[in-house]
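Data block below; observations after.
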Protein chains: 2
Amino acid sequence: MPQDRDTALEDEMLMARAAWLYYVGGLNQEAAAKRLGITRARVNKLLQDARETGVVSITINPTNVGLLPVEDSIRDRFGLDFCICTPALGSDRNGAEASDLLKDFAFRAVGAAAAAHLRTHLASREDAIIGTGWGRTLQQMTLQLAGVRAPKARFISVMGSLTANSAYNPFEVVHAFARATGGEGYVMPVPFIADSVEDRKVLLAQRSVQQALELGRSASVAYISIGELTEDSLLRRQKMLTAEEVVELRAAGAVGDTNGIFFDDEGRAVDHPLNQRTLALGLQELHKANAVGLIAGQSKLRAAHAFLKSGAARGLIIDGDTALLLMKEI
Amino acid sequence: MPQDRDTALEDEMLMARAAWLYYVGGLNQEAAAKRLGITRARVNKLLQDARETGVVSITINPTNVGLLPVEDSIRDRFGLDFCICTPALGSDRNGAEASDLLKDFAFRAVGAAAAAHLRTHLASREDAIIGTGWGRTLQQMTLQLAGVRAPKARFISVMGSLTANSAYNPFEVVHAFARATGGEGYVMPVPFIADSVEDRKVLLAQRSVQQALELGRSASVAYISIGELTEDSLLRRQKMLTAEEVVELRAAGAVGDTNGIFFDDEGRAVDHPLNQRTLALGLQELHKANAVGLIAGQSKLRAAHAFLKSGAARGLIIDGDTALLLMKEI
DNA sequence: CAATATGAAATACATTTGTATTTTAGCCTC
DNA sequence: GAGGCTAAAATACAAATGTATTTCATATTG
């Protein structure tokens, strides 16, 4: 049941005061509790809430994480407006065990950086139209937007949806963005890979799809991620592709995809029927929609390189370790 | 002895990585230490350094701290563009003991709020010219600018420097701003209170001083603090004033100063030789330079009230407790 | 008005963090 | 290469923090 409004306000105020005392004032929880006349346990909970809801936010100065030269190189090499790297963490002393954890980190790191980027973007244009893709990185991004309010912003998926439902689904992603910011969300209520070329035509003719695509094309920024083309890839795991299709696509030269558009090592859309069945903004359209590529995880290295060659992206947010590998290739 | 440059960079990188693992990645210090191949104690120190040097900064979302009516009243009463209050914390159950801590807290709180303000300002005009004053509040402000990059910004002291060197010195403040943001810093390489009226003329004639003042006048925002006029005031403690001068100034009606300009309860510059020896932007010039007054600590109440009457400020950032007291007076 | 649900206080305890001390390893100086 | 210096590792311990449990007061509901 909904909490009383006064109580909620009172609560948020207490939260802010506790947070100030603790984080800015440097009091410990006990002292802060005494000061506020409540128990330490309560202060502890308040602080937890404050972090979760974004009343307090912790930022790390991106200067001197040591990747500025890398950022510049990548930006210049691929003609981007900007390139942001998260800190490189790769040099762990105990090689094997960490790789899983590391991958998770990459998603969070890139998600956090992307969230910060969006925050800045919304600060300058609060009525922005923001295109969104799908996947784990995008999902992480939505989780780290606490405290961002943008009731006038509109989030629009630049692609159709998954059939299987998961937190990575464009539908969920857009919803999460809208909820986090108080803005509006729009999705394309069709699968993003149609069953046949004919089906695609029918779906594409839908007014709601046309409207969504139209809105997506006018985005002032669009956050999209890319996929690698392997048996482990999310596309496969979500059953959007069959094993045979993967083999075919690879045979056609495909090394990765963005929003279901498969491209080869040179960043060109490959000649394969699947590419005729995708319901999403194309590579050129993404560029016009100010696409920002989010790259998390070293398994995406090859796909990332190819994607950058395609020229679809205006900007790049990439985890530091993958960026370092990319540097070696260019 | 000065540390090797490479080592320093290496160190700062390690700091950033540790901070990232801990604050963003959510690892505890032990896990982060293992990941980085160093001891937990070292991680602990790195994190401490990271906080102190502003590599990580913790900001608090200022919505709903409950002082909006106070902010509006003060803003309207003194014709300001804006007034920002930090949370009021005065209602501690155990009256006496806290006053010292509270004061320290006020500096930090106002510094944090001012840092957030600057952050926003720089977001809209990255090549801004920013005037700066001196003192503990300004110094705190510089420590809380983590994550702000503004290589095109210029920071210019609106006043001469202290003779005694301290972290509060305009020189240090400007330097800290420049370092934190990557921007440029300019100072007036002269004392801000000359030994005599004649000396002031000579110093003022310096080309570098003229240039600095010129630049300061064109600031798009200037952060300045005010001082109360007591034996405890920073001016006295930094030996910028003799005890006799304080007595004289008080006799002339002075209740406070900003940048060495002494004013009375009505906010008028008092008629005293000292006011002829100050090397700094005057009250009217500060208004033109879009001055924002930073007020931290209840001991500054009277001076703050007078300062606001002077009309020198375009905006105000004040700690909540002092704001509440101010409210009672107006 | 009694029954019940709720949120916070009180309490207790395990974990994490901060800090001091000692030991070790590398490095500079002579 | 011995001596002394420094930074970090290793260790140990005290303080703060996170979390669960029980108890209590208050508000809500039938």
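Convention: sequence-line order gives letters A, B, ...; per-chain numbering from 1. The figures that follow rest on heavy atoms only: side chains count, while hydrogens, waters and symmetry mates do not. Remember, predicted model here, so these are calculated numbers, not experimental data.
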Is there a donor-acceptor pair closer than 3.5 Å between any side-chain N or O of Q144(A) and the backbone N or O of R108(A)? yes
Any N/O pairs under 3.5 Å between the protein and nucleotides 15-17 of chain D? List them or say none.
| from | atom 1 | to | atom 2 | distance (Å) |
| --- | --- | --- | --- | --- |
| dA16(D) | OP1 | N28(A) | ND2 | 3.3 |
| dT17(D) | OP1 | Y22(A) | OH | 2.8 |
| dT17(D) | OP2 | Q29(A) | N | 2.8 |

Given atom CG of L47(B) and atom C1' of dG18(C), what is their separation to the nearest angstrom? 11 Å
Give the rounded distance in Å between these two atoms: CZ of R42(A) and P of dT11(C). 18 Å
Quick check for you: to the nearest 0.5 Å, what is the distance between T132(B) atom OG1 and L118(B) atom CG? 10.5 Å
Taking salt bridge (Lys or Arg N to Asp or Glu O under 4.0 Å) as the test, write out the residues that go with R149(A), two or more places apart. none
d(CG, L46(B); C1', dG18(C)) in whole Å: 14 Å
When the distance from NZ of K45(A) to P of dG18(D) is rounded to whole Å, what number comes out? 11 Å
Contact list for residues 19-28 of chain B, test side chain to side chain donor-acceptor pair (under 3.5 Å), sequence neighbours left out: Y23(B)-R51(B)
Tell me the interatomic distance from I38(B), atom CD1, to dA8(D), atom C1', rounded to whole angstroms. 10 Å
Set out, in order, the CA-CA distance, both residues' side-chain angles and the distance that settles side chain to side chain contact (heavy atoms under 4.5 Å, CB included) for F177(B) and I130(B), then state yes or no. CA-CA 10 Å; F177(B) 270 117; I130(B) 292 132; 5.8 Å; no
Look at the rings of Y223(A) and H117(A) and say which category their plane angle falls in: under 30° parallel, 30 to 60° tilted, over 60° perpendicular. perpendicular
Rounded to whole Å, please give me the gap between CG in L36(B) and P in dA9(D). 11 Å
